[in-house]
Amino acid sequence: MDSVKVAILGFGTVGSGIYEIISEQQERLEKVLGRPVEVAAVLVKDCSKERTIPSDVLVTDDFDDILRLSDLDAVFEAIVGVEPGYTYLSKAIDAGLHVVTANKELFAYRGLELKQRAEERGVNVRFEATVAGGVPIIGALCNLLRMNQIVKIEAILNGTSNYILTKMREEQVSFDQALSEAQRLGYAEADPTNDIEGFDALFKVVILAELLSGQKVDWDEVYRKGISHITAYDLAQANGRIKHIGRLVIDGDGIHADVRPISLTESHKLYPIEGVDNAIVVTGDLVGELVFQGPGAGKLPTASVMVEDFVDLFKSARKPVDIF
Ligand SMILES: NC(=O)C1=CN([C@@H]2O[C@H](COP(=O)(O)OP(=O)(O)OC[C@H]3O[C@@H](n4cnc5c(N)ncnc54)[C@H](OP(=O)(O)O)[C@@H]3O)[C@@H](O)[C@H]2O)C=CC1
Ligand SMILES: N[C@@H](CC=O)C(=O)O
């Protein structure tokens, strides 16, 4: 029986999680897809690093090796930054491959272009993992957008920041200690600046705004502040709990968005969201308020939504909902 052949770009926290799920869940995959899934190749930056990858899987630092593979069906992308990811995914799409990405920085800057390119080539780009880690918020919004108008989103979108704020408040550890722990657990980016300065949440807000509007967002219009200036004293003195919040309000003038720490009182839906969890409060004009919550970062939660994206691509004969 022919297998579905995939390559994984990046083999850090997320890429190794994708590999782990595909190798350990073959039975489930075959049941749902009717075919086995084969990881044919893995792309990394440094081939000399020690990794537990079987010898029949090609490990390379040259993306052209991936394009030269015969019968490849899809690529998972879990590398860091806009480039080289954008170039690799553009080439993959041009070669007729489906793409599943976790790279929010790349998707915030160039996601609409990739979607457009994929549409022209008759393949799909899936990006559930770019927002809120293991929480399937993109799929939920796509379903809601068929009839509802989304009027507001308030969300905790960075697992690292929420983890740090929770640890500092509950266990009186220092900012640096909490950040080190978030890095050890695979929540923070290798360079955590984007997490603690609010850029990561900004990327996610931009992706959500573009999903809702189908248009490029003017980043200068989005206020951004992170959590790096917050002290134990601030947390103790706050009237409530300080949380890092991304907001989008959609009205007749368009989308108004910001990303900043806010002190929330107990009655707020995001007040009880602790640790690495993310949560998104979505208000639709027909449905009212909905809350989505779950692990916002980490190896298996993130890899899980990517494999779900992939399965959905290959399982459904129907065209995925295209809301752009
Ligand atoms: N960690 C998380 O919880 C989440 C992460 N993401 C996103 O997923 C992506 C991956 O994150 P994560 O796994 O944590 O990152 P890591 O830093 O753990 O891993 C990055 C991987 O990408 C490879 N890589 C980096 N640069 C290049 C390059 N130029 N060419 C080829 N390979 C390269 C690295 O290779 P090498 O091993 O040789 O160094 C490494 O294997 C990021 O975009 C991140 O924002 C999204 C949701 C959650
Ligand atoms: N570093 C990110 C990972 C997931 O997007 C976070 O902490 O939320």
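Each ligand, and each atom within it, is numbered from 1 in the order the structure gives.
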Could you walk me through whether Glu154 and His268 satisfy the side chain to side chain donor-acceptor pair (under 3.5 Å) test, starting with their C-alpha distance in whole Å, then the side-chain angles of each, then the deciding distance to 0.1 Å, before giving a yes or no? CA-CA 10 Å; Glu154 268 190 305; His268 197 285; 3.3 Å; yes
For ligand 2, which atoms have a heavy atom of Glu189 less than 4.0 angstrom away? 1 (N), 2 (C), 3 (C)
Mutual orientation of the aromatic rings belonging to Tyr163 and Tyr187 [parallel < 30°, tilted 30-60°, perpendicular > 60°]: perpendicular
Anything under 30° is parallel, anything over 60° is perpendicular, the rest tilted; go ahead and classify Phe76 against Phe310. tilted
For Asn194 and Glu189, which I'm curious about, is there any donor-acceptor pair between the side chains at under 3.5 Å? no
Checking Asn162 against His244: is there a side-chain donor and acceptor pair closer than 3.5 Å? no
Should you measure from each heavy atom of Phe11, which atoms of ligand 1 turn up under 4.0 Å away? 21 (C), 40 (C), 41 (O)
Show me which atoms of ligand 1 lie under 4.0 Å from any heavy atom of Pro84. 28 (C), 29 (N)
What do you reckon, does Gly186 put a non-hydrogen atom under 4.0 Å from ligand 1? yes
Ignoring angles and geometry beyond distance, decide whether [X] reaches within less than 3.5 Å of ligand 1 through its nitrogen or oxygen atoms.
X	value
Gly12	yes
Val80	no
Lys299	no
Lys104	yes

Testing the basics here: between Ala92 and Val99, what is the closest heavy-atom pair and its distance to 0.1 Å? CB-CG2, 4.2 Å
Does a sphere of radius 6.0 Å around CD in Glu20 hold more than 12 heavy atoms from other residues, nucleotides or ligands, not counting ones at 6.0 Å or beyond? yes
Quick one: look at Asp195 and ligand 2, take heavy-atom pairs under 4.0 Å, and tell me if it's side chain, backbone, both or neither. side chain
Regarding [atom]: of the candidates [options], which has the closest heavy atom?
atom	options	result
atom 33 (C) of ligand 1	Ile79, Val59, Leu300	Ile79
atom 3 (O) of ligand 1	Pro301, Ala78, Gly298	Gly298
atom 37 (O) of ligand 1	Lys204, Arg51, Glu83	Arg51
atom 11 (O) of ligand 1	Val14, Asp46, Ile8	Val14

Test of ring centre spacing under 6.0 Å for Tyr109 and Trp219: yes
NZ or CZ of Arg51 within 45° of Phe11 ring axis and under 6.0 Å: no
Protein contact to atom 8 (O) of ligand 2 [nearest heavy atom, distance to 0.1 Å]: Gly159 N, 2.8 Å
